[in-house]
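If you're wondering where the values come from, they're calculated on a predicted model, not measured in any experiment. Both counts, for ligands and for their atoms, begin at 1 and track the order of listing. Scope of the values below: all heavy atoms of this structure, side chains included, with no hydrogens, waters or symmetry mates.
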Amino acid sequence: MCGIVGFIGQKQAAPILLDGLSRLEYRGYDSAGIAVITPQGTIDLRKSEGRLKVLSDLVHGGADLNGCIGIGHTRWATHGVPNSINSHPHMSEGGKFAVIHNGIVENYVEIKEFLIRQGVHFQSETDTEVIAQLLEFYYNECHDFFETVGRVLRRITGAYALGILCADCPDRMIAVRKDTPLLLGFGEGENYIASDVTALIPYTRDVVYMDDGEMAVLTREGIQVYDPLQQPIEKEHHHIDWDVSAAEKGGYPHFMLKEIFEQPEALRRAISPRLKNGRVVFEDMKLTAEQIRAFTRIFIVACGSSYHVGMLGKYTLERMLRRNVEVQLASEFRYSDPIIDDRTLVIFISQSGETLDTMEALKEAKKRGAYVLSIVNVVGSSIARGSDDVLYTWAGPEIAVATTKAYSTQLAVIDMLALAFGEALGTVDEAEYAAVVSELQKLPEKMETVLAHHEDIQKFAAQHFNHNSIFFIGRNLDYALGLEGSLKLKEISYIHSEAYASGELKHGTISLIEEGTLVIALGTYSKLFEKAMSNVVEVKARGADVLALTTESRREEMLKTVPTVLAIPDTLDMLLPSLGVVPLQLFAYYVALQRGCDIDKPRNLAKSVTVE
Ligand code: F6R
């Protein structure tokens, strides 16, 4: 996620902004920028690609900028490649406004076209620049900073935390929040904004968390917050007593836990801008319906957890498209002499976009003439650059080695892709299409209810962290989900674990089940629930200790056989893995915590695997 810092006071703003941004570096970013209003009433803007140090050196630690009010930003690219033009702050053409933004403006294309028709010239590829240009456009009509911001907010849709400077108003800064975190810091004769409290800890511990739709006007003397109807309101102040290292993880003990809890927000970012009037719209996809219809073969290729997403994607795509979809491990695909021609689509899935096996498989696919579409989190990464089409997952930076929010967003993107392809091929009926769209919209909220039960999983993990070996069993979608649960557990807790398609147990593996073996039975998939139950009975009969995962509507049924049942909210079968993965991530996390493992950096593993 991008980082936001803003300052207004008596001191020079630039060094404070740079220091605040440096405290947000852990969140990951690819470029940075600051802007201050000078005593002459102009906005001085400096930006650079790469590390904050590059920006800091460029402006001599801030000494080059003269001004006591300013905003700063570290950017994690979403719209447009990471470079200094696309980095924030963005300025309006006439130089009146500078803005920093976390989030996504969903209707930016339409606004950009409108402004271009009015003669406005854009510099960047970003959605954020439309805010800066729109501010100046409205300001030229009303000449009132507060009123201008209100008009802009009524015009844009999406998620945003904003810090706004107006060159004509050097005594004020405006901050706005909708669906993206922003907080206000109160000092003596100086005040602050930040996306994360970490940035402010050396300066103030007196903060107010903004709520959705609120706007704040900051002056040197104080901060006034306004409700969504722009009426002044009083907000509760919070005192922060964290130490800096805890705060860097947003108060969570590990990045992995933080990222698990960030999943609903990450899903909102991945899904909501792509659902328009009940249809999936990939504004970022070049593939046409005609091209989709012309493909005779579809592959999905990836590694590790991304491969598990591919397995789920295969089930969904095949069901919706009635086409054969082959899913392969990138490290195998490269050497398998794949049957590929120019009527083949290969979908690559990668969080980092730098995984060497995946990148090499991509080169092989291209060499053989395939059309390459990738689903990637890191903007501008090698896999993204090497693809004909890229769908970004917009999960924000993932720091823990074990992937969580990238997995969830990859899954959401592939589900939406199935709808888009199904529409192009005419293989998905309208009722199903509408039902999937409606359930996709509810997914973040349903995931929040799963997360709210984290203590149940923590208790279960506390009873079972001493096993030497743990099995995950399930069928079809639940089997692919089990593979992910098992991988999470082994990579961070170092417990040996296997995932089996339940039907395979009787072909050999069931001999491993003995008194006290822990089996995590996944029985979420409604079509195969009865069969999943019979496998549970089989392992129980051999003495296994079973934890079952099912849906709310089947909890009672499951409880008749298994005493320990975790239930996720009901949704369409194809979306159940998106909810079911959360308890499995949490189980792996809490088991590893009990065992004292280095959760964020498990032994022998790297976040981005750039070796073969
Ligand atoms: C597991 C995990 C790995 C990655 C794999 C592929 O938690 O993170 O299995 O999924 O190394 O990485 P990307 O998706 O970056 O290509």
Handout entry: Worked verdict on E25 versus Y29 for side-chain hydrogen bond (donor to acceptor under 3.5 Å, both in side chains)
Key = CA-CA 7 Å; E25 278 193 295; Y29 64 99; 2.4 Å; yes
Ligand 1: protein N/O within less than 3.5 Å of ligand N/O:
from: ligand 1; atom 1: 7 (O); to: S305; atom 2: OG; distance (Å): 3.4
from: ligand 1; atom 1: 7 (O); to: T403; atom 2: N; distance (Å): 3.0
from: ligand 1; atom 1: 7 (O); to: K488; atom 2: NZ; distance (Å): 2.9
from: ligand 1; atom 1: 7 (O); to: E491; atom 2: OE1; distance (Å): 3.3
from: ligand 1; atom 1: 7 (O); to: E491; atom 2: OE2; distance (Å): 2.4
from: ligand 1; atom 1: 8 (O); to: V401; atom 2: O; distance (Å): 3.4
from: ligand 1; atom 1: 8 (O); to: T403; atom 2: N; distance (Å): 3.4
from: ligand 1; atom 1: 9 (O); to: S305; atom 2: N; distance (Å): 3.2
from: ligand 1; atom 1: 10 (O); to: S305; atom 2: N; distance (Å): 3.1
from: ligand 1; atom 1: 12 (O); to: T355; atom 2: OG1; distance (Å): 3.4
from: ligand 1; atom 1: 14 (O); to: S306; atom 2: OG; distance (Å): 2.6
from: ligand 1; atom 1: 14 (O); to: Q351; atom 2: N; distance (Å): 2.7
from: ligand 1; atom 1: 15 (O); to: S350; atom 2: OG; distance (Å): 3.4
from: ligand 1; atom 1: 15 (O); to: Q351; atom 2: N; distance (Å): 3.4
from: ligand 1; atom 1: 15 (O); to: S352; atom 2: N; distance (Å): 2.8
from: ligand 1; atom 1: 15 (O); to: S352; atom 2: OG; distance (Å): 2.6
from: ligand 1; atom 1: 15 (O); to: T355; atom 2: OG1; distance (Å): 3.3
from: ligand 1; atom 1: 16 (O); to: S350; atom 2: OG; distance (Å): 2.6
from: ligand 1; atom 1: 16 (O); to: T355; atom 2: OG1; distance (Å): 2.5

Handout entry: Any side-chain donor near an acceptor of the partner, Q585 and T404, under 3.5 Å
Key = no
Handout entry: Heavy-atom closest contact (S382 atom, E354 atom, distance)
Key = OG-OE1, 2.5 Å
Problem - CG on D196 to NZ on K249, rounded to 0.5 Å - result: 13.0 Å
Handout entry: Lys/Arg-Asp/Glu bridge criterion (N-O < 4.0 Å) met for R297, D341
Key = no
Exercise for the section: Please indicate whether L275 has more than 12 foreign heavy atoms, meaning atoms of other residues, nucleotides or ligands, lying under 6.0 Å from its CG. Expected result: yes
